[in-house]
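Everything below concerns the one structure shown next.
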Amino acid sequence: MKITLPDNSSRELPKGSSGYDLAKDIGPGLAKSAIAVTIDGVQRDLHDAIDADASVSIITIDSDEGLEIMRHTLSAQVLARAIKNLYPKSKLAIGPTVQDGFYYDVESNESISSDDLGKIEEEMKKIIKTKSLITKKLVSKKEALKIFKSNKEPYKEIIINESDQDDNFQLYYQDDEEFVDLCRGPHLPNLGFIGSFKLTKVSGAYWKGDSKNSMLTRIYGTAFSNDKDLQNYLDNIEEALKRDHRKLGKEMDLFHFQDEAPGMVFWHPDGWTLYRKLRNFVRDRLKENNYIEVNTPQVIDRKLWEASGHWDKYRENMFITEIDEEHANEKRVNALKPMNCPGHVQIYNQGIKSYKDLPLRYAEFGLCHRYEPSGTMHGLMRVRAFTQDDGHIFCTENQIESETGLFIKFLSTIYADLGFKNFDIKLSTRPEMRVGSDETWDKAEEALEAAIKNLGYPYRIDEGDGAFYGPKLDFVLTDAIGREWQCGTFQLDFNLAERLDASYVGEDGKKHTPVMIHRAVLGSFERFIGILIENYAGKLPFWLSPHQVVVASIISDVNDYSLEIVESLKKEGILAEADLRNEKISYKIREHSNRKVPIILAIGNNEKKDKTVSIRRIGSTDTEVVDLKAAIKQITKENSALQ
RNA sequence: GCUCAUAUAGCUCAGCGGUAGAGCACUUGCUUGGUAAGUAAGAGGUCACCGGUUCAAGUCCGGUUAUGAGCUCCA
């Protein structure tokens, strides 16, 4: 039979040869590092027989695919077996690979905590040490059910029963055949290929990811081909931990949370300075891009939320208020606004709008409250009260494309100025829970896709992830350590304007319903500030920093000159302060560096005599002595670059 | 909301049945110094909250609240 290799060359091999035979035929080095094969695009075990002409590529242990298979074997053959050895009564569920590692879900009546991970790792090492071969048996559905019934593995039985195949269920064994796992494979040919691994955490996870199902124990691990890669990965996690905005927010005295208001931020003076700087920046950009800023009420009668459809879909997640008993005659149910859009429609609806008024772009830094489930809150990243850089564009159908283009340009300059040069675009289509007819959805999805296509931006499609009122574009940026954050959004809405009776008079003199576009660039200020802190590891760009310059005196003789410098900087709108304390200069440098102050000017007798300053910037230990006037000019320039 | 864990000084944490501890920060004294911690002393806590066991509870048990890691969710 003819085997075609990835480079399009081909080889003749006897029928029934395996991937291993092929690798051996090509060379002994390849045979040594081969662990699996891809046959006509499907990954298979190395020793599976190939029965007919096929395109085959050998998967080696040092490839990305090889690494994933190694992790999979580590999970399904080693971790699973170690758990069964230590907790014989536990029931195995599934053990897939995930980004950077793997996990195994088990049901266990004994609780397994992170303290037990060391013990499980030891057991895994014992299993790996056997360097056992991994062999496969193919059995019928009946046979497979019998085996797992006698092994008391109910989750495996469910998996088999739900499968639509009748035979060829793959069972994997090690040398002693005491452990068996059902698996779609492929696996390593033997345990000798396993590299460096570490179990990382334990948590709960629902069977099949459904919150109605029982909760299983999930054990996470990670594995790499060698110790160095594993250590590198662990160091990256460490780095992310160092950047955690909750830790830095405390250290930099930016904000706090407390029991009485879970999920709601207490902004401290410095945090609020940062917040206002960011808001002013966005506000100026909105003005430049022909948005009109508005403001709408915090508490609105449920009638409006019923009309908008929110009451129906999101009642559970809204903060509800009632007027108390004393004012019984005014008794009515209100909700704290979870969104700004119905409010904006009320403003639009005042007076008659003409097609000449469109597109009309309203913007609001609207404070919204959403009752997020208790387990989902996370520092600034997920809160119950947050301010969106929200906006709604009322336009006609044929303005959709130009509005899409204008928005993407608008968003990309803001991201770039905040230090995020790249972003991805995601197009999300109709979800299951939605309002509006299928015809309307067809129209909206087509319009949005046409707009983005014609503009030539690359995008990927996320089926079923749209808002309940329309399809959307989401903008995902990548931070300094490679993490992705979904921030911007651009949502077409052919429903809400109609539900809330918004209209305009067209050229034909008749009433038409405008298209509404919900859009945000940062998303929420709270979350975005969290992202900024983590992206910059607290070392914010100069113009955003809540403390910009500290003038630190080396001896008290230069206090007057130091204060003079501070005054000059303040005159230029710089946030400058003097540190005249009776402390050593190294002490002051350390303290202000820890606070992430971008610029420290150290002042001693030399500087005073020469009318200079010694500049030290955060993140560097270099110093530079510069003429005072030149320094102020330079600092002022840096500050005004984006303000 | 679910599973597991955690809650002690401003911060980071130790203490795990018998009168509350450390380091840093803070206050005061001495120290005027050249780019990431000068020095000595002092002050600081209803051990998250409610209940139980015990002669005795930060310490053991139950509940509540919040936080953390996941899961589910996110207009």
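Atom set for the values below is all heavy atoms of this structure, side chains included, hydrogens, waters and symmetry mates excluded. Note that the coordinates shown come from a computational prediction; the quantities given were computed from them, not determined experimentally. Chain identifiers are assigned alphabetically (A, B, ...) following the order of the sequence lines, protein sequences preceding nucleic acid strands; residue numbering begins at 1 within each chain.
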Notebook entry, point to check: What is the glycosidic conformation of B:G58: syn, defined as within 90° of 0, or anti?
Noted result: syn

Notebook entry, point to check: When all nucleic acid strands are considered with a 4.0 Å heavy-atom cut-off, which category describes A:Gln491: base, sugar-phosphate, or nothing?
Noted result: sugar-phosphate

Next item on the list: Describe the nucleic acid contact of A:Gly375 in one word from base, sugar-phosphate, nothing, applying a heavy-atom distance below 4.0 Å.
Entry: base

Next item on the list: Indicate, with a heavy-atom threshold strictly under 4.0 Å, whether A:Asp557 touches base, sugar-phosphate, or nothing.
Entry: nothing

Next item on the list: To the nearest Å, give me how far apart CZ (A:Arg581) and C1' (B:A37) are.
Entry: 12 Å

Check: Under 4.0 angstrom, heavy atoms only, what part of the nucleic acid is A:Arg246 near: base, sugar-phosphate, or nothing?
Finding: sugar-phosphate

Check: To the nearest Å, how far apart are A:His592 NE2 and B:A25 P?
Finding: 14 Å

Notebook entry, point to check: Reckon A:Lys250 touches a base, only the sugar-phosphate, or nothing at all at heavy-atom distances under 4.0 Å?
Noted result: sugar-phosphate

Next item on the list: Scan A:Ser114 against the nucleic acid and name what it touches under 4.0 Å (heavy atoms): base, sugar-phosphate only, or nothing.
Entry: nothing

Check: Given atom CG of A:Asn213 and atom P of B:C71, what is their separation to the nearest angstrom?
Finding: 16 Å

Item checked: Separation of atom CZ in A:Phe257 from atom C1' in B:U65, rounded to whole Å -> 17 Å

Note to self: If stacking means aromatic ring centre less than 5.5 angstrom from the base's six-membered ring centre, planes under 30°, is A:Tyr314 stacked on B:A75?
What the structure shows: yes

Next item on the list: Provide, to the nearest angstrom, the distance between the CG atom belonging to A:Asp116 and the P atom belonging to B:U3.
Entry: 19 Å

